[in-house]
Amino acid sequence: MNALAATNRNFRHAARILGLDSKLEKSLLIPFREIKVECTIPKDDGTLVSYVGFRVQHDNSRGPMKGGIRYHPEVDPDEVNALAQLMTWKTAVADIPYGGAKGGIGCTPKDLSKSEWERLTRVFTQKIHDLIGVNMDVPAPDMGTNAQTMAWILDEYSKFHGYSPAIVTGKPIDLGGSLGREAATGRGVVYATEALLAEHGKSIKDLTFVIQGFGNVGSWAARLIHERGGKVVAVSDITGAVKNPNGIDIQSLLNHKEATGSLNNFDGGDAMDPNELLIEDCDVLIPCALGGVLNRENAGKVRAKFIIEAANHPTDPEADEILSKKGVIVLPDIYANSGGVTVSYFEWVQNIQGFMWDEEKVNKELHRYMTRAFGNIKNMCQTHNCSLRMGAFTLGVNRVARATVLRGWEA
Ligand code: NAD
């Protein structure tokens, strides 16, 4: 099941639980606006090349729309649509005053030189500059984009609208980025994990963890779990996988990856088959890489007791059912990885205030938001006798539905 079908299915299930009016349900599902633009740039050799860029703005009833921009060869309108919708529910679950959006350009970033990458970003910004805005739609980095990409968008947008640091989040600190933003998603994952485990009378220091993906989210989650005394027994990335039943020294693995560019030949553990990683024995499994990795084929073999969805959409609905029957507790993506967008919100607030917070304040506020959202999700689970995923979806959908109704339907 693709990401859009799965997201729509979860939304519809939540709408049924909430007893939403069918017209409201339909209105919440259809995106506010879908943008498709053609971006032609001269390559470094002078030839022209064209790319297609998308921005789907799903809902703005609770505030400006918010979501990443990804550069990836497989960016397609359906996936962007699903991810935009997920952002709407995610920002509502976090209770930050935003709606949801997502965008992307179908391109292969590694085939672009830095100047081609910059030209493409500037052309894309020129095409959408009047449809984004500090109070309308605020992009952020996603797969294939980074703080530098946001700096170019900020610069290009400011040519049309004047100095506007709050137009993007995930910027370099020198241009108004927030301290703590780089670690925020991984840190939020760890705060969310602590909240869930506490509810089950457990704590990170007593448990074993397996982490798929060792990029921004996975490496920060691993580092913070290790710091708290948790045993990370296996880690994988695109280059391979490593395991050590006594616990991997995460700082050594980070140093090894920095030095060699891969997880292979790490002397603090044994190489393992990356395909076995998700079914490795552990207490907590944290997918931090791709969508759809837990599916009908492998869900029955998962040995973890808890799954924390740090990646977007790592569990397809069939796997969800299998895991639920096995008694595996799944903490859903729209909550578990919301630390990134929450600190993006803090960045936007700081830009609007013209006042920079210290990192301690950022992390303290993030902890407060993540803990509060977990309590709100649990209340929905109790009210509707449902899973954590449906607790999160009903919480998010209900908040957006209430805002939509309060704003009224009159034309
Ligand atoms: P990233 O590009 O920094 O890291 C991705 C990691 O996944 C890399 O280590 C890569 O090697 C690994 N990977 C890729 N294919 C793999 C495979 N087949 N098997 C094992 N590992 C593989 O990306 P990121 O920012 O860490 O994002 C990871 C996930 O978290 C994505 O699903 C993303 O949408 C989601 N997410 C990220 C943020 C954020 O703020 N960065 C926020 C919310 C959600």
Side-chain angles (χ1 to χ4, degrees), residues 1-36 54-68 76-104 131-133 135-140 291 309 312-313 316-317 320 332-338 341-342 345 373 376-377 379-381 383-384 386-411:
M1 191 177 290
N2 72 23
L4 183 61
T7 306
N8 287 349
R9 183 166 133 157
N10 284 328
F11 165 76
R12 289 211 170 88
H13 189 182
R16 265 202 314 280
I17 292 175
L18 292 166
L20 284 194
D21 172 84
S22 63
K23 291 199 182 60
L24 178 58
E25 179 180 332
K26 193 171 168 198
S27 153
L28 290 179
L29 201 55
I30 298 170
F32 168 78
R33 186 190 277 143
E34 292 181 74
I35 304 159
K36 182 177 177 185
F54 302 93
R55 185 75 180 163
V56 174
Q57 299 174 328
H58 177 255
D59 191 277
N60 63 359
S61 56
R62 301 182 74 257
M65 295 166 283
K66 185 87 192 87
D76 76 78
D78 262 10
E79 196 191 25
V80 176
N81 221 311
L83 294 169
Q85 188 196 141
L86 276 178
M87 286 305 295
T88 299
W89 315 136
K90 189 183 295 186
T91 54
V93 167
D95 207 7
I96 53 181
Y98 282 147
K102 202 79 172 192
L131 297 168
I132 60 174
N135 292 309
M136 199 188 325
D137 178 2
V138 182
E309 292 188 333
N312 280 319
H313 181 56
D316 77 17
D320 228 5
D333 51 2
I334 58 169
Y335 164 63
N337 68 29
S338 64
V341 73
T342 301
Y345 163 59
N376 294 158
I377 292 169
N379 286 344
M380 290 308 261
C381 292
T383 306
H384 299 294
C386 62
S387 66
L388 286 163
R389 188 179 310 283
M390 273 308 116
F393 264 85
T394 50
L395 177 65
V397 171
N398 196 38
R399 282 182 173 153
V400 178
R402 273 206 321 257
T404 305
V405 171
L406 281 167
R407 291 175 72 137
W409 298 96
E410 297 294 325

Check whether any side-chain heavy atom of [X] sits under 4.5 Å from a side-chain heavy atom of [Y], and report yes or no.
X    : Y    : value
R407 : S61  : yes
D316 : D320 : no
F32  : M65  : yes
P139 : R55  : yes

Atom pair [atom1]/[atom2] of [X] and [Y] - distance to nearest 0.5 Å:
X    : Y    : atom1 : atom2 : answer
H313 : N10  : NE2   : CG    : 8.5 Å
L395 : C381 : CG    : SG    : 9.5 Å
L83  : H58  : CG    : NE2   : 12.0 Å
F54  : N81  : CZ    : CG    : 10.5 Å
L18  : T383 : CG    : OG1   : 10.0 Å
E309 : I334 : CD    : CD1   : 9.5 Å

Salt-bridge criterion met for [X] and [Y] (N-O under 4.0 Å):
X    : Y    : result
K66  : D137 : no
K90  : D333 : no
K102 : E79  : no

Could you walk me through whether V56 and I35 pass the side chain to side chain contact (heavy atoms under 4.5 Å, CB included) test, one step at a time? CA-CA 6 Å; V56 174; I35 304 159; over 6 Å; no

Under a plain distance cut-off of 3.5 Å, with no hydrogens placed, do [Y] and [X] share a side-chain donor-acceptor pair?
X    : Y    : value
D95  : N376 : no
R33  : N60  : no
H384 : T394 : no

Do you know the tightest heavy-atom contact between [X] and [Y]?
X    : Y    : answer
G396 : A92  : O-CB, 3.5 Å
L20  : A401 : CD2-CB, 4.0 Å
V341 : I96  : O-CD1, 3.7 Å
R62  : T91  : NH1-O, 3.7 Å
A392 : V93  : O-CG2, 3.3 Å
M390 : A14  : SD-N, 3.7 Å

Chi angles and distances behind the ring-ring contact (aromatic ring centres under 6.0 Å, His included) call for F393, F11: CA-CA 7 Å; F393 264 85; F11 165 76; 8.0 Å; no

Hey, mind stepping through L388 and I377 against side chain to side chain contact (heavy atoms under 4.5 Å, CB included) and telling me if it holds? CA-CA 7 Å; L388 286 163; I377 292 169; 4.1 Å; yes

Would you say the side-chain atoms of H13 pair up with the backbone N or O of N8, donor to acceptor, closer than 3.5 Å? no

Any donor and acceptor pair, going by atom type alone, linking the side chain of T404 with main-chain N or O of V400 inside 3.5 Å? yes

